[in-house]
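Structure first, then comments.
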Amino acid sequence: MRKILLIILAVLLGIIALAAIAGSITGGSSSNNNNTNVQNAEINDAESEADTDEEESNSSESSEEESGNTVKKGGSFEKDGLKFTYKKFKDNYKPSDDKYGLSKPSKGKKFIACTFKFENKSDSDKYVSIYDFACYADNESCEQEYISTDDFKNNDFINENLSPGRNVTFTTFYQVPKKAKNVQLEYESDVWTNEKIIIEVK
């Protein structure tokens with residue numbers, strides 16, 4: 001009888017030991033799954049950060065490209081072999097040869113004069129016109145004026161098909177408010193894409 005009890009006890013102990021081992025294996029597998037999930041989460045976070053960095057980089061590059069389309073006095077820009085340089089600016093301009101005061105701005109406004117040089121470095125003719133510019137003072141559209149004056153070279157220039165290797169210098173005039181803080185010109189460098197170059201007048 002005692003031997004039978006010992007055998008039963010041994011069997012029970014064996015069953016308990018097997019159950020403990022099985023539980024340990026199951027727990028370890030769960031732990032491994034948790035670790036895998038954590039690793040996957042870390043990888044996803046890293047990929048997300050990389051995507052964010054790439055987006056910021058692209059945004060920065062875009063800003064640099066946009067800022068590359070801005071020209072200040074003395075600066076140049078070239079598009080498809082046509083190069084223009086913003087040479088001079090005269091604020092509160094009054095034509096020296098206007099003896100009879102025929103060229104006068106409206107009340108509260110003034111004339112400004114902007115001089116440009118265009119050079120055709122391509123192998124084909126390039127069209128150049130004073131009407132390719134638009135003026136904005138504090139973001140408000142301003143009138144372009146046609147003033148024939150001896151103060152500037154090519155005082156009567158309006159437009160021209162510029163031959164390869166040729167250049168032309170001319171001045172455009174605008175009527176802007178005297179109190180305007182920011183004056184810009186927009187030059188349309190590509191009529192097909194409506195690409196515009198921003199010229200910082202003042």
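This structure is a prediction, so every number in the text was calculated from the model and none was measured.
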Rounded to the nearest 0.5 angstrom, the CD1-CG distance for Ile112 and Asn92 is 10.5 Å

For a side-chain contact (heavy atoms from CB on, under 4.5 Å) check, start with the C-alpha distance between Val128 and Phe157, then their side-chain angles and the critical distance, and finish with the verdict.
CA-CA 10 Å; Val128 178; Phe157 178 84; 4.2 Å; yes

If hydrophobic clusters are built by linking Ile, Leu, Val, Met, Phe, Trp and Tyr wherever their side-chain heavy atoms come under 4.5 Å apart, do Ile197 and Tyr127 end up in the same one?
no

Within 6.0 Å of NZ in Lys196, more than 12 heavy atoms from elsewhere
yes

If Ile, Leu, Val, Met, Phe, Trp and Tyr residues are connected whenever their side-chain heavy atoms lie under 4.5 Å apart, and connections chain through other members, are Phe89 and Phe173 in the same group?
no

Do Tyr146 and Ser148 have a side chain donor and acceptor closer than 3.5 Å?
no

Reported NZ-to-CG distance for the pair Lys153 and Asp150, which is rounded to 0.5 angstrom
14.5 Å

When rounded to the nearest 0.5 angstrom, what is the spacing between SG in Cys142 and CD in Gln184?
11.0 Å

Between Glu200 and Lys73 (salt bridge meaning N to carboxylate O under 4.0 Å), is one present in this structure?
no

Parallel, tilted or perpendicular: which fits the ring planes of Phe84 and Phe118, with parallel below 30° and perpendicular above 60°?
parallel

Identify each donor-acceptor pair in which a side-chain atom of residues 163-170 lies under 3.5 Å from a protein atom, sequence neighbours left out, and give them as a table.
none

Aromatic contact, Phe133 with Tyr187 (centres under 6.0 Å)
yes

Where do Tyr93 and Asp151 land on the side chain to side chain donor-acceptor pair (under 3.5 Å) test, with the steps shown first?
CA-CA 10 Å; Tyr93 171 68; Asp151 292 339; 2.5 Å; yes

Less than 4.5 Å apart, any side-chain heavy atom of Lys121 and any of Glu78?
yes

Under 6.0 Å from the NZ atom of Lys110, do we count more than 12 heavy atoms belonging to anything else shown?
yes

Under the salt bridge (Lys or Arg N to Asp or Glu O under 4.0 Å) test, which residues partner Lys109, sequence neighbours left out?
none

Do Tyr136 and Asn182 get their side chains close enough for a donor-acceptor pair, meaning under 3.5 Å?
no

Could you tell me which non-hydrogen atom of Thr85 sits nearest to which non-hydrogen atom of Ser76, and how far apart they are?
OG1-OG, 2.8 Å

Less than 4.5 Å apart, side chain to side chain, heavy atoms only: is that true for Thr149 and Asp98?
no

Ring centers of Phe116, Tyr86 separated by less than 6.0 Å:
yes

Taking every non-hydrogen atom, the tightest pair across Leu162 and Leu82
CD2-CD1, 4.5 Å

Determine, step by step, whether Phe152 and Lys90 satisfy the side-chain contact (heavy atoms from CB on, under 4.5 Å) criterion, reporting the C-alpha distance in whole Å, the side-chain angles of both residues, the deciding distance to 0.1 Å, and the verdict.
CA-CA 11 Å; Phe152 302 97; Lys90 284 202 173 186; 4.0 Å; yes

Could you check Cys114 against Leu185 for side-chain contact (heavy atoms from CB on, under 4.5 Å), going step by step and ending with a plain yes or no?
CA-CA 9 Å; Cys114 302; Leu185 299 185; 4.0 Å; yes

Atom pair CG/CD of Asp80 and Glu195 - distance to nearest 0.5 Å:
8.5 Å

Between Asn69 and Ile198, is a side-chain contact (heavy atoms from CB on, under 4.5 Å) present by the stated rule, with each step listed?
CA-CA 6 Å; Asn69 284 359; Ile198 305 300; 5.8 Å; no

Does atom CG of Asp156 have more than 12 heavy-atom neighbours, drawn from other residues, nucleotides or ligands, at distances under 6.0 Å?
yes

Is there a donor-acceptor contact under 3.5 Å linking the side chains of Gln144 and Thr172?
no

Looking at Asp97, I want to see if its CG is surrounded by more than 12 non-hydrogen atoms of other residues, nucleotides or ligands under 6.0 Å.
yes

Glu140 CD to Cys135 SG distance, which is reported to the nearest 0.5 Å:
11.5 Å

Interatomic distance, Lys94 atom NZ to Phe111 atom CZ [nearest 0.5 angstrom]
11.0 Å

